[in-house]
Amino acid sequence: MIPPPNVTGVLHMGHCLNNTIQDILVRRARMQGKNACWVPGTDHASIATEAKVVQLLREKGIAKSSLSREDFLSHAWEWKNKYGGIILEQLKKMGCSLDWERTHFTMDPVYYKAVINVFIELYNKGYIYRGKRMINWDPRAKTALSDEEVIRKQTQQTLYHLRYKLEGEQEQHIVVATVRPETIMGDTAICVHPDDPRYTALKGRYAFVPLINRRIPIIADEYVSMDFGTGALKVTPAHDSNDYQLGQKHGLEVIDVFNDDGTLSNEAGIYVGKDRFEVRKLIAKELEEKGYLEKTETYSSEVGYSERTDVVVEPRLSLQWWVDMKKISGPALDAVANEDIKFYPAKFKNLYRHWMENIKDWCISRQLWWGHRIPAWYDEQGKVVVAADLQQAQEEYKKLYGTTATTLQQDEDCLDTWFSSWLWPFEVFKGYSQPGNKEVAYYYPTNTLVTAPEIIFFWVARMIMAGCEFQQQIPFRQVYFTGIVRDKQGRKMSKSLGNSPDLLALLDQYGADAVRFGIMIASPAGNDLLWDESTNEQGLHFNNKIWNALKLVRSWEQRQSNEPTLATPSLAIDWFESRLQQARATLEELYGEYKLSEALKTIYSLIWDDFCSWYLEWVKPGFEQPLSAVTYKRTLLFFEELMQLLHPFMPFITEEVFHQLQAREEDLTVRPLAAPRPFDSQLLSAGELLKQMISAIRDARNKNQIKPKDPVKLHIESETPLLIESITTLLSKQVNATSVRCASTIEPVANSITVVVGKQKIFIETSAQLDTSSQKEKLLKDLDYLKGFLASVDKKLSNEKFVQNANPSIIENEKKKQADALTKIRLIEESLKTLL
RNA sequence: GGAACGUUAGCUCAGUUGGUUUAGAGCACUACUUUGACAGAGUAGGGGUCACUGGUUCGAGUCCAGUACGUUCCA
């Protein structure tokens with residue numbers, strides 16, 4: 001399931017993250033042999049698109065008001081056809097493996113009809129009503145907004161203390177604090193707290209609004225906070241939702257002083273036709289000049305801005321269409337509460353519950369043309385019927401009112417975009433327009449929704465409601481919330497900050513694989529990610545590493561030999577086989593928990609460290625030497641399997657390498673994953689020991705400045721000589737040792753460096769001149785650590801309460817730690833003695 | 001004002017039900033190495049009082065309470 005990307009836009013980093021995650025999940029599901037369906041699509045984004053089209057027309061010198069609805073819509077469709085598909089092309093460039101033939105658009109004819117019918121169905125059920133309520137008005141787009149479309153921002157404002165003259169007394173006044181002096185013409189009361197001693201005497205009296213001298217009552221209500229401002233509040237029911245409620249309670253008049261574009265209306269009486277913010281400045285000046293302004297102070301509070309046009313939202317009383325959310329939200333709340341739908345990360349469950357329990361009605365009408373036109377019809381008196389078209393509306397009217405309507409006019413408004421996208425999970429399979437069809441029966445409910453937490457209420461919650469309401473089933477089983485993409489300083493990426501990188505340029509510069517790698521490696525499960533371009537470089541380096549490994553392996557193709565004397569490094573092969581299977585088991589777990597970033601890290605390290613740094617070095621033949629055919633074959637198979645594991649993250653390079661390793665028809669992207677095989681943990685620990693010994697010996701060589709080309713001889717004292725013997729071939733190869741001797745006790749060897757690895761004491765015999773100080777230093781340091789460690793273990797074991805209370809297996813373990821530490825300490829002390 | 005989440009190395013993060021080392025990665029950093037897949041590399045190394053203060057416990061990065069700071073959401 002793809003969230004419908006905004007038809008107006010180009011891809012940004014948020015899309016990049018979101019769609020990369022979905023692609024990873026889809027590719028992996030496909031490799032597991034599942035019929036993975038990922039539906040692409042775009043939504044019509046009514047406000048944003050309409051704003052774009054209006055702007056485009058304005059540039060051409062055409063005003064929207066000069067066009068008929070039909071003409072405007074034809075321009076909008078033209079725009080959609082030209083730009084609407086761009087985003088899908090960009091997804092292809094990112095490597096997203098969508099089912100392209102299923103591409104949908106929320107205003108496709110069938111989908112459009114479904115939206116309209118959903119409206120009618122809900123209206124007939126009594127879930128949709130028309131009502132005059134306080135709404136958020138966007139004065140630029142000239143439309144209502146839902147609460148979710150309003151973004152609150154901390155804003156520095158000026159708080160004006162204004163004097164309102166009291167009735168009856170010449171020089172007396174009451175001081176009111178407001179940040180909106182331009183609304184005083186809409187004041188219909190002043191309100192104080194009933195317990196406020198400062199105003200006890202004023203209750204029930206009257207004051208005059210400055211400049212226009214309208215007489216308004218002074219009322220008392222507990223809503224007013226005594227500490228804020230002067231404790232006296234000017235009540236403007238038309239322009240603030242709290243004031244509106246106060247007004248309702250106290251039966252106050254409502255005076256709307258604004259026009260729909262944010263200019264002052266005739267009702268205001270003064271400054272008519274001027275913009276609200278211009279008036280704020282002008283009126284403040286006039287109030288000051290006329291002595292009404294006592295003082296000003298700066299004040300920071302949250303102000304609502306329109307999500308789409310970024311202008312300050314105006315609370316406004318207006319007649320709109322609403323969905324009664326209480327009637328529809330119940331099953332959707334339960335579905336998440338009882339985990340029929342699981343949220344990843346789980347913390348969003350709380351947020352969801354809180355919103356659902358305090359849900360408010362959804363304002364679904366928008367004063368726009370681009371969108372699904374509300375199927376409501378009005379007669380001359382404003383009587384309403386809801387029906388899909390005029391003919392049905394007339395029939396409905398007759399049924400309802402018993403007469404034939406002379407003229408029926410359709411509502412001019414459109415539905416909120418989300419009123420169409422909430423049907424997405426089933427209507428892309430025509431689950432509403434053709435209920436129970438084969439497709440929807442097969443694919444619905446879908447599995448996983450991947451989306452940004454910002455639209456949990458806009459979209460996720462409403463899809464769940466729609467699913468429960470119209471399909472009687474939840475729309476998906478898991479919801480994975482991605483983090484928010486931020487810049488290095490932790491700021492949200494936004495157009496206005498200009499900190500959002502151009503994704504297309506990045507794809508050109510680094511390639512899709514590197515960009516996908518970069519964003520995924522930086523993206524911890526459930527957290528925001530601080531994105532930095534340098535992670536793309538890491539991706540690029542990784543590509544390069546894989547490419548070089550390919551070069552190496554391919555160069556072996558001509559060097560294969562079936563010579564029976566040629567040894568096959570079976571330890572290396574068996575070890576890597578086990579390591580690979582172990583990593584696959586880890587990956588299985590990580591995918592199960594949606595820890596994709598960690599899954600990528602696991603594969604990255606498997607390829608870079610285990611495969612390239614260890615395995616390939618172990619099986620690598622000497623300069624221009626042959627290698628056994630078996631080794632070559634196994635190496636190819638390993639490489640293939642690694643590419644398959646990496647493929648969901650980096651589809652392009654893995655596919656290419658897969659074909660370069662061996663010419664073939666089959667594609668990696670559709671190749672099923674082989675069943676996981678068991679791994680041998682003894683082999684894994686042998687490999688671990690080998691790696692540790694190699695590192696320790698290299699370190700000793702480094703510190704004693706023994707050149708890589710200078711050979712050494714190894715004498716190893718070990719309690720497990722058989723284990724050591726199994727690794728000597730690889731060990732001597734990796735540290736340039738000409739001979740390895742292993743025994744349970746070894747006398748000190750002349751002119752040698754001693755290192756201790758685990759319970760092994762290794763003498764590195766060399767012909768070079770030795771300076772024992774550095775190795776002594778290292779041994780002393782190790783000794784110090786071990787003694788401290790031993791002390792902490794001893795402390796535990798000598799604590800009677802610990803021995804009494806702790807789990808026996810833990811005590812056993814502590815005893816083992818103690819014994820091991822003692823052995824190691826003995827070995828180091830012995831080594832130190834030989835140095836003296 | 002209310003709520004949720006977070007605070008572990010210079011940066012970004014792991015760390016499962018308290019005991020598997022005296023806390024791990026990846027980047028970045030330092031030294032050495034131009035070796036024959038790869039200098040976009042290799043080899044090795046340094047780096048943390050786990051925000052703070054108390055508490056529970058034989059034992060706390062992990063559980064509890066409070067404080068500070070941060071982010072987000074809702075008023």
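Atom set for the values below is all heavy atoms of this structure, side chains included, hydrogens, waters and symmetry mates excluded. In what follows, chains carry the letters A, B, and so on, assigned in the order in which the sequence lines appear, proteins first and then strands, with residues in each chain numbered from 1.
Only A:Asn805, A:Ala806, A:Ile810, A:Asn813, listed by number, bring a heavy atom of residues 805-815 of chain A to less than 4.0 angstrom from any atom of RNA chain B.
When distances run from any side-chain atom of A:Leu540 to the nucleotides B:G40, B:A37, B:C58, the shortest one goes to B:G40. Ranking B:U43, B:C58, B:A37 by closeness to the A:Asn799 side chain, first place goes to B:C58. In the set B:A37, B:C58, B:U43, B:U43 carries the atom at the smallest distance from any side-chain atom of A:Arg698. Residue A:Phe789 has its side chain nearest to B:U21 when only B:G40, B:A37, B:U21 are considered. The A:Ala549 side chain lies nearest to B:A37 when the options are B:A37, B:A44, B:G19. When distances are taken from the side chain of A:Lys601 to each of B:U43, B:C13, B:C74, the shortest belongs to B:C13.
One C1' atom belongs to B:A28, the other to B:C11, and the distance between them is 7 Å to the nearest Å. Nucleotides B:C27 and B:G47 are separated by 14 Å at their C1' atoms, to the nearest Å. Atom name C1', nucleotides B:G19 and B:C63: the rounded distance is 14 Å, in whole Å. Taking atom C1' on both B:G61 and B:G15, the two are 8 Å apart, rounded to the nearest angstrom. Between the C1' atoms of B:A41 and B:U35, the separation comes to 11 Å (whole Å). For B:U67 and B:A4, the P atoms lie 14 Å apart once the distance is rounded to whole Å. Rounded to a whole angstrom, the distance from the P atom of B:G54 to that of B:U16 is 25 Å. Taking atom C1' on both B:C50 and B:U7, the two are 10 Å apart, rounded to the nearest angstrom.
With hydrogens and angles disregarded, a donor-acceptor distance shorter than 3.5 Å links the side chain of A:Lys733 to the backbone of A:Trp618. For A:Glu593 (side chain) and A:Leu590 (main-chain N/O), no donor-acceptor pair under 3.5 Å exists by modelled atom type. For the pair A:Arg559 (side chain) and A:Gln625 (backbone), a donor-acceptor distance under 3.5 Å is present. For the pair A:Arg701 (side chain) and A:Asp710 (backbone), a donor-acceptor distance under 3.5 Å is present.
Figure legend. B:U30 is base-paired to B:A44; pairs are counted as Watson-Crick or G-U wobble with both atom distances under 3.5 Å. The partner of B:C5 is B:G70, judged by Watson-Crick or G-U wobble contacts that both fall below 3.5 Å. Pairing of B:C50, defined by two Watson-Crick or G-U wobble distances under 3.5 Å, is not identified with any nucleotide. In this structure, B:U20 makes no Watson-Crick or G-U wobble pair, since no nucleotide meets both defining distances under 3.5 angstrom. The partner of B:U56 cannot be assigned: no Watson-Crick or G-U wobble pair with both contacts below 3.5 Å exists in any strand.
Using a 4.0 Å heavy-atom distance criterion, A:Lys360 is classed as a sugar-phosphate-only contact. As judged by a 4.0 angstrom heavy-atom cut-off over every strand, A:Lys817 is placed among residues touching the sugar-phosphate backbone only. A:Glu454 comes within 4.0 angstrom of no nucleic acid atom, judged by non-hydrogen atoms across all strands. Residue-level contact check: A:Trp608 touches the backbone only, with heavy atoms under 4.0 Å from sugar-phosphate atoms and none from bases. Residue contacts shown for A:Lys795 are absent, as no nucleic acid heavy atom lies under 4.0 Å away. Counting any heavy atom pair closer than 4.0 Å across all strands shown, A:Tyr604 reaches sugar-phosphate atoms only and no base atom. Residue contacts for A:Ser605: at a heavy-atom cut-off of 4.0 Å it reaches no nucleic acid atom on any strand shown. Note on A:Gln804: nothing from the nucleic acid sits closer than 4.0 angstrom, heavy atoms only.
Taking the charged nitrogens against the carboxylate oxygens, A:Glu598 and A:Lys601 have no contact shorter than 4.0 Å, which rules out a salt bridge. With respect to A:Glu688 and A:Lys691, a salt bridge is recorded, a charged nitrogen being found less than 4.0 Å from a carboxylate O.
Across the protein-nucleic acid pair, A:Asp513 atom CG and B:G40 atom P stand 21 Å apart, rounded to whole Å. Going from atom CE of A:Met520 over to atom P of B:C13 covers 14 Å, rounded to whole Å. Distance A:Arg701 CZ to B:U35 C1': 13 Å, rounded to the nearest Å. Nucleotide B:G59 holds its P atom 8 Å from the NZ atom of A:Lys801, rounded to whole Å. Going from atom CG of A:Asn704 over to atom C1' of B:A31 covers 15 Å, rounded to whole Å. Nucleotide B:A44 holds its C1' atom 11 Å from the CH2 atom of A:Trp614, rounded to whole Å. As a whole-Å value, the separation of A:Leu351 CG from B:C5 P is 11 Å. Spacing between atom CD of A:Gln625 and atom P of B:U35 amounts to 19 Å, rounded to whole angstrom units.
Counting only N and O atoms by type, the side chains of A:Tyr510 and A:Glu533 include a donor and acceptor under 3.5 Å apart. With hydrogens and angles left out, the side-chain atoms of A:Thr236 and A:Asp240 include no donor and acceptor closer than 3.5 Å.
Where A:Glu537 and A:Phe802 each meet RNA chain B at their nearest nucleotide, the meeting point lying more 5' is that of A:Phe802. Each of A:Lys620 and A:Asn544 was assigned the nucleotide of RNA chain B with the nearest heavy atom; the assignment lying further toward the 5' end belongs to A:Lys620.
Atom OG of A:Ser597 and atom CD1 of A:Ile519 lie 11.5 Å apart (nearest 0.5 Å).
Relative orientation of the A:Tyr615 and A:Phe611 rings is parallel, given thresholds of 30° and 60° on the angle between their planes.
Dashed line: the shortest gap from a side-chain N or O of A:Lys551 to OP1 or OP2 of B:G36 is not under 4.0 Å. Considering only side-chain N and O atoms, A:His541 lies under 4.0 angstrom from the phosphate OP1 or OP2 of B:A41. For B:U16, the OP1/OP2 oxygens have no side-chain nitrogen or oxygen of A:Lys595 closer than 4.0 Å. Contact annotation: A:Ser695 reaches the phosphate of B:A44 (side-chain N/O to OP1 or OP2, under 4.0 Å).
Counting distance only, with no hydrogens placed and no angle test, the side-chain atoms of A:Gln538 and the base atoms of B:A28 include no donor-acceptor pair under 3.5 Å.
Taking 4.5 Å as the limit, some side-chain heavy atom of A:Gln660 sits within range of a side-chain heavy atom of A:Arg554.
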